[in-house]
Amino acid sequence: ICVEENLNLFSDIQYKEEYGSTISINSTQHKFNIKTNRNKVIKNIYIKYSSIFDRSNIKEIVLNYKVEEKLNNLQDKPAGEEWININHPEILVKEGRFLSFKNKLVFLKEDIILPKGTELRMLPGTKIFLDKGVSIISYGSITAIGEKNNKIEFLPLGESPWGSVAMIGKDSTNKFNYCTFAGGSGKYSQGKYFSAMLSGHEVNDIRISNCLFKNSVIANGGDDAVNIKKSYVLIDNSKFIGNGGDAIDFDFVDNNSRITNSQFINNGKDAIDLSSSNVYLSNIEIVSSGDKGLSVGEKSYVYSDNFRIS
């Protein structure tokens, strides 16, 4: 690693070798990863540190680190049995690129980041309990198909809100049927901001049906129950109840995206907030929104029938 100039490092930043810089630590606690090419191995780490204010030596520092030859999150690599290394105790790899949880009761105390090209499949009746701020972030696809009497649930582990189920990238195709999302918020991860407990950024498509979104919390940067950006999305026969911010926030979603046969009850801000989006709305009922029932702004177009607000 070539040392040329100082770099101030903040929490959860991934430090890559091409930055080529001394690390100046200017907060009480930091976590970072050093990535190298496959043919390079790091055996030792030397950290030079000083005060960002007066360049004096820092009297106390606790340094904990470990060197691993393999990386857990290879979102830029093609999928295949030869390289998938999720290394998460709850994940079981099946049939090459297809992933699943080991059990139907899942307890997550750290983030899962799924590589590009993989698909996480969840069985009916799966209950996923997420600890404070913990998220599932997928550069691949998620298929969560529950049943009417055997739903898939995303729930808080304890009293604090969990983070986000987030999907990124045009290779990502996602289906959620008979799922419940409750007590989530948002997430900052790898330079990206996910503002809802279910978030999609520039994915191929997201299809949501027969789902319940309730009690999202304005925390961890989160503001919405569902936030979709620059993606094609279909939402049908779903309910949004008691969420802290907007129930749905669409930004630049693809034409012909739809919200149909859905209810919005007692949400803290807008029921539906559209920005630069063309969306078809049909058989929509909105009751007691904290702000607007429907917000249509910033070059958005709405086509609707049987739309009720009270």
Side-chain angles (χ1 to χ4, degrees), residues 66 68 70-75 77 79-168 172-187 189 194 196-200 203 206-217 220 222 225-226 238:
K66 62 180 179 178
E68 297 181 353
K70 295 182 179 180
L71 300 176
N72 292 339
N73 306 323
L74 302 174
Q75 63 268 22
K77 302 294 183 183
E81 289 181 296
E82 73 279 3
W83 67 267
I84 290 179
N85 183 30
I86 299 298
N87 274 351
H88 195 287
E90 296 286 356
I91 286 287
L92 176 67
V93 179
K94 282 186 174 181
E95 300 176 9
R97 71 185 188 90
F98 298 112
L99 311 175
S100 64
F101 291 115
K102 291 181 178 179
N103 303 294
K104 286 190 175 182
L105 284 179
V106 181
F107 301 91
L108 299 182
K109 294 191 175 183
E110 59 183 25
D111 293 347
I112 292 179
I113 301 182
L114 303 172
K116 179 179 178 181
T118 59
E119 179 181 339
L120 177 61
R121 294 178 171 180
M122 303 182 197
L123 298 174
T126 299
K127 289 181 172 57
I128 301 138
F129 297 90
L130 299 98
D131 209 352
K132 180 179 178 180
V134 169
S135 300
I136 299 172
I137 300 172
S138 174
Y139 290 83
S141 300
I142 298 176
T143 300
I145 307 298
E147 299 169 347
K148 185 175 182 179
N149 297 317
N150 204 17
K151 293 179 173 62
I152 296 170
E153 299 180 75
F154 300 83
L155 305 168
L157 179 61
E159 298 182 358
S160 298
W162 51 275
S164 178
V165 175
M167 299 145 284
I168 312 106
S172 180
T173 300
N174 306 274
K175 295 180 180 179
F176 299 90
N177 188 22
Y178 287 112
C179 295
T180 296
F181 296 80
S185 55
K187 183 73 172 182
S189 176
F194 305 107
M197 63 178 172
L198 182 67
S199 299
V203 305
I206 300 174
R207 298 171 185 263
I208 299 166
S209 57
N210 305 301
C211 289
L212 171 62
F213 297 85
K214 66 179 183 179
N215 303 329
S216 69
V217 181
N220 302 316
V226 174
S238 294

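One finds the CG atom of L155 at 10.5 Å from the CG atom of N215 (value rounded to the nearest 0.5 Å). To the nearest 0.5 Å, the span separating CE on M122 from CD on E153 amounts to 12.5 Å. Distance CD1/I128 to SG/C179: 8.0 Å, rounded to 0.5 Å. Within the model, atoms CG of N103 and NZ of K127 stand 13.5 Å from one another, a figure rounded to the nearest 0.5 Å. Here CZ of R121 is found 10.0 Å from NZ of K175. Values are rounded to the nearest 0.5 Å. Summarising the geometry, atom OG belonging to S138 is positioned 10.5 Å from atom CD1 belonging to I113; distances are rounded to the nearest 0.5 Å.
Checked by atom type and distance alone, the side chain of S216 never pairs as donor or acceptor with a backbone atom of G183 at under 3.5 Å. Counting only distance, with no hydrogens or angles, the side chain of S141 and the backbone of T173 share a donor-acceptor pair below 3.5 Å. The backbone N or O of V134 sits nowhere less than 3.5 Å from a side-chain atom of K187 that would complete a donor-acceptor pair. Although no hydrogens or angles enter the test, the distance criterion places a donor-acceptor pair under 3.5 Å between the side chain of N174 and the main chain of I142. At least one donor-acceptor pair under 3.5 Å links the side chain of S164 to the backbone N or O of A196.
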Below 3.5 Å, can you tabulate the donor-acceptor pairs from side chains in residues 206-214 to any protein atom, sequence neighbours excluded?
{"from": "S209", "atom 1": "OG", "to": "N177", "atom 2": "OD1", "distance (Å)": "3.0"}
{"from": "N210", "atom 1": "OD1", "to": "N237", "atom 2": "ND2", "distance (Å)": "2.5"}
{"from": "N210", "atom 1": "ND2", "to": "N177", "atom 2": "OD1", "distance (Å)": "2.9"}

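The side-chain heavy atoms of I168 and F194, taken from C-beta on, include a pair separated by under 4.5 Å. Here the side chains of F101 and L120 are in contact, with some heavy-atom distance below 4.5 Å. Taking 4.5 Å as the limit, some side-chain heavy atom of P161 sits within range of a side-chain heavy atom of N220.
The two residues S135 and G163 have their closest heavy-atom pair at OG-CA, 3.4 Å. The two residues G140 and S172 come nearest to each other via the heavy atoms O-OG, 2.6 Å. Nearest approach of K151 to K148, heavy atoms of both residues: NZ-O, 2.7 Å. Between M197 and G184, the closest heavy-atom pair is SD-N, 3.4 Å. Across all their heavy atoms, I145 and P124 have their closest contact at O-CG, 3.4 Å.
For K104, the NZ atom counts as densely surrounded, since its 6.0 Å shell holds more than 12 non-hydrogen atoms of other residues, nucleotides or ligands.
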Test log, rule side chain to side chain contact (heavy atoms under 4.5 Å, CB included), inputs M167 and L198: CA-CA 8 Å; M167 299 145 284; L198 182 67; 3.5 Å; yes

task: Go through the steps to decide whether L130 and I136 satisfy the test side chain to side chain contact (heavy atoms under 4.5 Å, CB included), and finish with yes or no.
output: CA-CA 9 Å; L130 299 98; I136 299 172; 4.3 Å; yes

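Taking the six-membered ring where the residue is Trp, W162 and F181 present tilted rings, their angle falling between 30° and 60°.
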